[in-house]
2 protein chains.
Amino acid sequence: MVKPSSDLSCISCDFSSFCSIEDHDTVKHFRTFKRNEIVYRANDKFFNLYAIKKGVIKSFQIDTEGNELIRKFNFRGEILGYEAIHNRHFPFSAIALCETTVCEIPYENFFNMIQTRPALMEHLLHLISEQLTAGSYLDMNTAEQRLASFILDLIARLRSTNTSELVLPMTRQDIGNYLRLATETVSRIFSRLQKNKILKIDHKNIRILKHHKLMEIADVASNKTRNNTHADL
Amino acid sequence: MVKPSSDLSCISCDFSSFCSIEDHDTVKHFRTFKRNEIVYRANDKFFNLYAIKKGVIKSFQIDTEGNELIRKFNFRGEILGYEAIHNRHFPFSAIALCETTVCEIPYENFFNMIQTRPALMEHLLHLISEQLTAGSYLDMNTAEQRLASFILDLIARLRSTNTSELVLPMTRQDIGNYLRLATETVSRIFSRLQKNKILKIDHKNIRILKHHKLMEIADVASNKTRNNTHADL
DNA sequence: CGAGGAATTGAACTAGCTCAATACTTGTGG
DNA sequence: CCACAAGTATTGAGCTAGTTCAATTCCTCG
């Protein structure tokens, strides 16, 4: 078992309930990655799940012409690798965006451990089930909506005490790639949100001046007329 | 246990391995829905998983202004409800697109049943894990790519012996909504694909004339230049 | 058989993209 | 510790894929 340290990350980790199992310390150890260091590559054989103790990890694929296609960003307390369970190979590559420490959890041991513990098995199912509806912004109509939703999601997931300020861990290029927008569009939208006094932007530092406005953009703006046949439901 | 009938659907059902458990017949029964009949509504309490024996089910949400937002289509042999496991409520509504028969599987019983059977528990995990990377086309750049990928995915998932012909179970409007394209765009792309002798279209009936061309559009066309920093991976 | 939904096609419009130029930031080696 | 190179960000101008609006035809099903 990992003893709670001065680093509080374990407390809010998705896997904290697994850590409290007494005999679990044998199947886990830490690894630290430097900025831009590869955690695993797409098609690598899947042996471990990774819990992020500290840092940020970007998951991506490379298409047939060598273009990067970012699939997700993951933060402290989140787990990587669920999508590799079914065929024992990682579908994505994963790279650290800053100095990042992970908890390496051998899946075989892990699965054996929780097999005899229905409550934990259920917890795992819940965590994976949750991922099925987790944030994709590609269904939002406008660039502004996507970016607003993205910022709000970041704020929520960074698990920081300060919910009105954040430091972007990724580049504009990465954001654009992830949201399927040109880098220039991301930059322009940021400028616009700043001009409209909704955000205060200083390079990677973002302060949310009007939280409600941001939510309005993310939510209400998604209400452009779409084919609606069952509005009565 | 459901005895194999003249209807072959159980054989290729994702849950067939669960059906072979001897005492399982007590926890399952069939329901048939007419066209446009609701299977369940978003926010309904989650009690059952649904295996589609026959037919097609559309899952969708209604946004704050009453617009429909289609999340997925499911076909014979596929399971609905995984995304409701974590909070015991369906995040989407589900509606039959044609006469549809489902196998209603009480989740509580089901979970109890497989708890003592590690192999089945693992199978369930694999099925859900698989869903994490299952087809969204919104990451594709052009309308043509999305539609081509969509058609190819349909062909694969309809589990028909004939892989060059299909009958669309949904309207152009539904396709457009799902792919985030205007209905008119869907129509225009279909026309173009027909003009280019890649598809033969007769209303809902589609014949694939040049399978390789369609795959080229879906795959290769996704290779528009994107921000690529790690092309070497 | 008639009506309302579904599909097609055209014309004009626009959000976001591409191309291009410039400025700023960061990390590295002398 | 500074300078320089490479990466990162911003902004403008013009372009284009896809949308919106509109008109017409074609189905389907009660």
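Residue numbering restarts at 1 for every chain, and letters A, B, ... go by the order of the sequence lines.
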Given C:dG16, D:dG18, C:dC19, the nucleotide with the shortest approach to the side chain of A:Glu184:
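Closest nucleotide among those given: C:dC19.
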May I have the distance from [X] (atom [atom1]) to [N] (atom [atom2]), rounded to whole angstrom?
X	N	atom1	atom2	value
B:Asn36	D:dG30	CG	C1'	14 Å
B:Phe190	C:dA7	CZ	P	9 Å
B:Leu147	C:dA7	CG	P	13 Å
A:Asn141	D:dG18	CG	C1'	13 Å
A:Ile201	D:dT11	CD1	C1'	14 Å

Report yes if at least one side-chain N or O of [X] is closer than 4.0 Å to OP1 or OP2 of [N]; otherwise report no.
X	N	answer
B:Arg172	C:dA7	yes
A:Lys204	D:dA9	yes
A:Ser187	D:dT10	yes
B:Ser191	C:dT9	yes

Does any non-hydrogen side-chain atom of B:Val167 lie less than 4.5 Å from one of B:Asn205?
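With C-beta onward as the side chain, the pair touches.
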Do any N or O atoms from the side chain of A:Lys72 and from the backbone of A:Phe60 form a donor-acceptor pair under 3.5 angstrom?
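Absent.
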Indicate yes or no for a side-chain donor-acceptor contact from B:Lys45 to the backbone of B:Phe90 under 3.5 Å, with no hydrogens or angles considered.
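No, the answer is negative, given that no donor and acceptor are paired below the 3.5 Å cut-off.
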What contact category does A:Thr171 fall into here, base, sugar-phosphate, or nothing, at under 4.0 angstrom with non-hydrogen atoms?
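It contacts sugar-phosphate atoms only.
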Please compare B:Arg192 and B:Arg35 by the position of their nearest nucleotide in DNA chain D and report the one closer to 5'.
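Counting from the 5' end, the first nearest nucleotide belongs to B:Arg192.
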Carboxylate-amine/guanidinium proximity below 4.0 Å for B:Glu37 and B:Arg31
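No.
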Heavy-atom nearest nucleotide on DNA chain C for A:Glu144 versus A:His203: which residue maps closer to 5'?
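Here A:Glu144 is the residue nearer the 5' end.
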Give a yes or no on whether a donor-acceptor pair under 3.5 Å exists between the nucleobase atoms of C:dT18, that is its base, and the side chain of A:Arg188.
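Such a pair is found, so the answer is yes.
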